[in-house]
Amino acid sequence: FLLSDTKYPILKLLRERSVPEQEISAKEEDIREGLARSILAARAAIDHGLDVLAQVDVLFAKAAFGIRTKACECFHFVNCIRVEQFVHPLIFQDAVPIDLYLEDGIALVISGVNGGGKTLAMKSFGLVCAMVRLGIPFAARLGSVPAVVLFDEIVVSVGDQQDVQGGESTFTAKLNRYSALLRQAADTSKSRLVLLDELGSGTEENAGGAIGQALLEQLLLNKACRVVATTHSARLKTWAFRHDEIGAAAVTLESAGGG
């Protein structure tokens, strides 16, 4: 970096006395080395200051985001999720608000038409829990106080997990993922929110529904585990409707006029 004559009068004096440029350059290098040693000596304080500044910057960013999205100011931390008129932060200007309810000890199965928002609704459960845990406010019904669970882990199975190089078909990949989920659920020391997209898909409908039902039944054995799943399986939809421990929800499409 350049050293100004105003800040370092010795350099100005050397130039006024027509000292050779080589000597002036040597003096500048001595000054730079001295500054570097001073900075290194204060490295711990500088690093701490940068960490504090970053934390303050994050807090201001969260506050600005909350103001922009008209987010809730406080929350209840309980054993259920109750959020009225949640608005997804990425599409909050054009989003249709949704109500998120997941009671203690209940799994939720979401069905409905393609394009109705099943996967987005399922992800929203995980999103509100993650945002609250990180201290990020989110938009909900004005004046409401959302209830949210502080889960230890959020486990997600979304999308086609086919592995061509590994020799896994879509169905095989799903089974392997479900197996890993069950191993995780066997650990009752942590609370988990499990999000399952397109449960029962990837194979023949009756077989897929049976596998999905068996998975949900096993996951529900762990009382610290909550599950939200989307499905097109008629078996799972019927099963969810008939059992008290399984909540059933549906999404639909509306016309532009709200019909």
Side-chain angles (χ1 to χ4, degrees), residues 1-77 83 86-95 120 123-140 145-146 148-159 161 163-166 177 180-181 183-184 187 189-195 224:
F1 52 90
L2 297 176
L3 302 175
S4 67
D5 291 352
T6 303
K7 191 167 185 180
Y8 297 96
I10 184 64
L11 298 178
K12 181 179 180 181
L13 181 61
L14 292 175
R15 290 190 175 92
E16 288 176 348
R17 293 182 177 181
S18 301
V19 173
E21 191 63 33
Q22 186 176 0
E23 293 184 22
I24 296 177
S25 297
K27 188 61 177 179
E28 289 179 338
E29 189 61 29
D30 288 341
I31 294 173
R32 291 190 181 95
E33 289 181 3
L35 291 173
R37 284 192 295 268
S38 299
I39 292 172
L40 288 174
R43 183 179 60 182
I46 293 172
D47 288 343
H48 177 68
L50 289 173
D51 288 340
V52 172
L53 184 61
Q55 293 174 24
V56 171
D57 187 49
V58 168
L59 290 175
F60 274 101
K62 291 176 180 178
F65 176 80
I67 293 172
R68 184 184 179 193
T69 59
K70 299 179 180 179
C72 294
E73 297 178 353
C74 55
F75 308 91
H76 289 312
F77 299 109
V83 181
F86 170 72
V87 179
H88 196 288
L90 295 181
I91 52 175
F92 69 90
Q93 291 180 330
D94 301 315
L120 185 64
K123 290 179 179 178
S124 295
F125 281 93
L127 187 58
V128 296
C129 294
M131 291 178 74
V132 169
R133 192 168 188 83
L134 293 171
I136 303 174
F138 58 77
V145 181
V148 183
V149 184
L150 292 177
F151 290 102
D152 295 319
E153 295 180 349
I154 299 176
V155 185
V156 182
S157 177
V158 176
Q161 299 168 346
D163 183 358
V164 176
Q165 290 183 328
R177 180 56 176 153
L181 286 175
R183 288 195 296 271
Q184 284 182 279
D187 177 12
S189 64
K190 294 182 178 181
S191 61
R192 292 179 182 83
L193 175 62
V194 180
L195 306 178

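Below, each value reflects all heavy atoms present in this structure, side chains not excepted, and no hydrogens, waters or symmetry copies.
Remark: side-chain polar atoms of S191 are paired, donor with acceptor, to backbone N or O of D152 under 3.5 angstrom. K62 places a side-chain N or O within donor-acceptor distance of the main-chain N or O of L134, the cut-off being under 3.5 Å. Between the side chain of R177 and the main chain of V156, a donor-acceptor pair closer than 3.5 Å is present.
Taking the side chain as every heavy atom from C-beta outward, F138 and V132 approach each other to under 4.5 Å. Counting heavy atoms from C-beta outward, E153 and Q184 have side chains that approach closer than 4.5 Å. A heavy-atom distance below 4.5 Å is not found between the side chains of L193 and V149. Put simply, the side chain of F86 does not reach to within 4.5 Å of the side chain of P146, judged on heavy atoms.
In this structure, CE in M131 is found 10.0 Å from SG in C72, a value given to the nearest 0.5 Å. Here CG of L181 is found 6.0 Å from OG of S157. Values are rounded to the nearest 0.5 Å. With rounding to the nearest 0.5 Å, the separation of CG in D30 from CG in L35 is 11.0 Å.
In terms of the salt bridge (Lys or Arg N to Asp or Glu O under 4.0 Å) criterion, residue partners of D187 (sequence neighbours excluded) are, by chain and number, R192. Every residue two or more places apart in sequence or in another chain that forms a side-chain contact (heavy atoms from CB on, under 4.5 Å) with V19 is listed here: L14, R17, E23, I24. Scanning for side-chain contact (heavy atoms from CB on, under 4.5 Å) contacts around F60 gives V56, with sequence neighbours left out. By the salt bridge (Lys or Arg N to Asp or Glu O under 4.0 Å) test, K27 is found to be paired with no residue, residues two or more places apart in sequence or in another chain being considered. By the ring pair (Phe, Tyr, Trp, His ring centres under 6.0 Å) test, F151 pairs with no residue at all, sequence neighbours left out. Every residue was checked against the side-chain hydrogen bond (donor to acceptor under 3.5 Å, both in side chains) condition with R37, not counting sequence neighbours, and none meets it.
Results of the side-chain contact (heavy atoms from CB on, under 4.5 Å) test with L195 over V158, L127, I154 single out I154 as the only residue that passes. The one candidate from V128, L120, T69 that meets the side-chain contact (heavy atoms from CB on, under 4.5 Å) condition with H88 is L120.
The local environment of CD in Q22 is sparse, with at most 12 non-hydrogen atoms from other residues, nucleotides or ligands closer than 6.0 Å.
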